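As the structure is a prediction and not an experimental result, all values here were calculated from the model.
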Amino acid sequence: LKAMQAPSNVPPPLKHDESIYINISREALLYENAREAKAYIEAGIVEYPQSVTLHILMALDDYKLQNHDKALQELTKA
């Protein structure tokens, strides 16, 4: 995706703004591409481990992939 390759204005060591990860993941989940969404969510959580929104998106993604136990675990992190 072009958004992931665009220059970023966030300070190092971050690569992208949190909203980039959230918006791309949300779009992928909306269009039923849970596996693609998971990759972006995981990358976002690496940079923003305290992000409640990314953990909720991960829970939704795990639920769509039938990983119900993992979904519950992610919700406890949110």
Side-chain angles (χ1 to χ4, degrees):
L1 292 171
K2 286 183 180 181
M4 297 303 284
Q5 282 131 20
S8 176
N9 294 327
V10 296
L14 301 175
K15 294 180 184 174
H16 302 287
D17 187 70
E18 181 182 6
S19 63
I20 297 290
Y21 295 106
I22 291 170
N23 292 334
I24 290 173
S25 302
R26 202 174 348 191
E27 287 292 315
L29 283 171
L30 181 67
Y31 292 106
E32 302 296 327
N33 196 342
R35 296 203 191 291
E36 180 181 328
K38 186 171 213 61
Y40 291 112
I41 297 167
E42 287 173 341
I45 288 175
V46 167
E47 288 195 43
Y48 299 96
Q50 301 299 320
S51 172
V52 171
T53 305
L54 287 170
H55 284 288
I56 290 171
L57 288 171
M58 181 64 87
L60 289 170
D61 185 71
D62 283 329
Y63 186 81
K64 283 188 167 207
L65 292 171
Q66 303 299 314
N67 297 327
H68 300 128
D69 291 334
K70 283 186 178 180
L72 287 173
Q73 289 174 353
E74 280 300 323
L75 285 176
T76 62
K77 295 176 187 177

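- Taking E32 as the reference, K64 meet the side-chain hydrogen bond (donor to acceptor under 3.5 Å, both in side chains) condition, with sequence neighbours excluded.
- From N33, atom CG reaches atom OG of S25 across 11.0 Å, with rounding to the nearest 0.5 Å.
- A chain of hydrophobic side-chain contacts below 4.5 Å, direct or via other Ile, Leu, Val, Met, Phe, Trp or Tyr residues, connects L60 to Y48.
- Hydrophobic cluster membership differs between Y63 and L54, with clusters built from Ile, Leu, Val, Met, Phe, Trp and Tyr side chains linked at under 4.5 angstrom.
- Checked options I45, L29, D62; the residue passing with L57 is L29 (criterion: side-chain contact (heavy atoms from CB on, under 4.5 Å)).
- Not counting sequence neighbours, N67 has no partner by the side-chain hydrogen bond (donor to acceptor under 3.5 Å, both in side chains) test.
- Between E27 and N23, the closest side-chain pair of non-hydrogen atoms is not below 4.5 Å.
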List the atom pairs, with distances to 0.1 Å, where a side-chain N or O of residues 68-78 and a protein N or O form a donor-acceptor pair under 3.5 Å, not counting sequence neighbours.
residue	atom	partner	partner atom	Å
E74	OE1	H55	ND1	2.7
E74	OE2	K77	NZ	3.4
T76	OG1	Q73	O	2.5

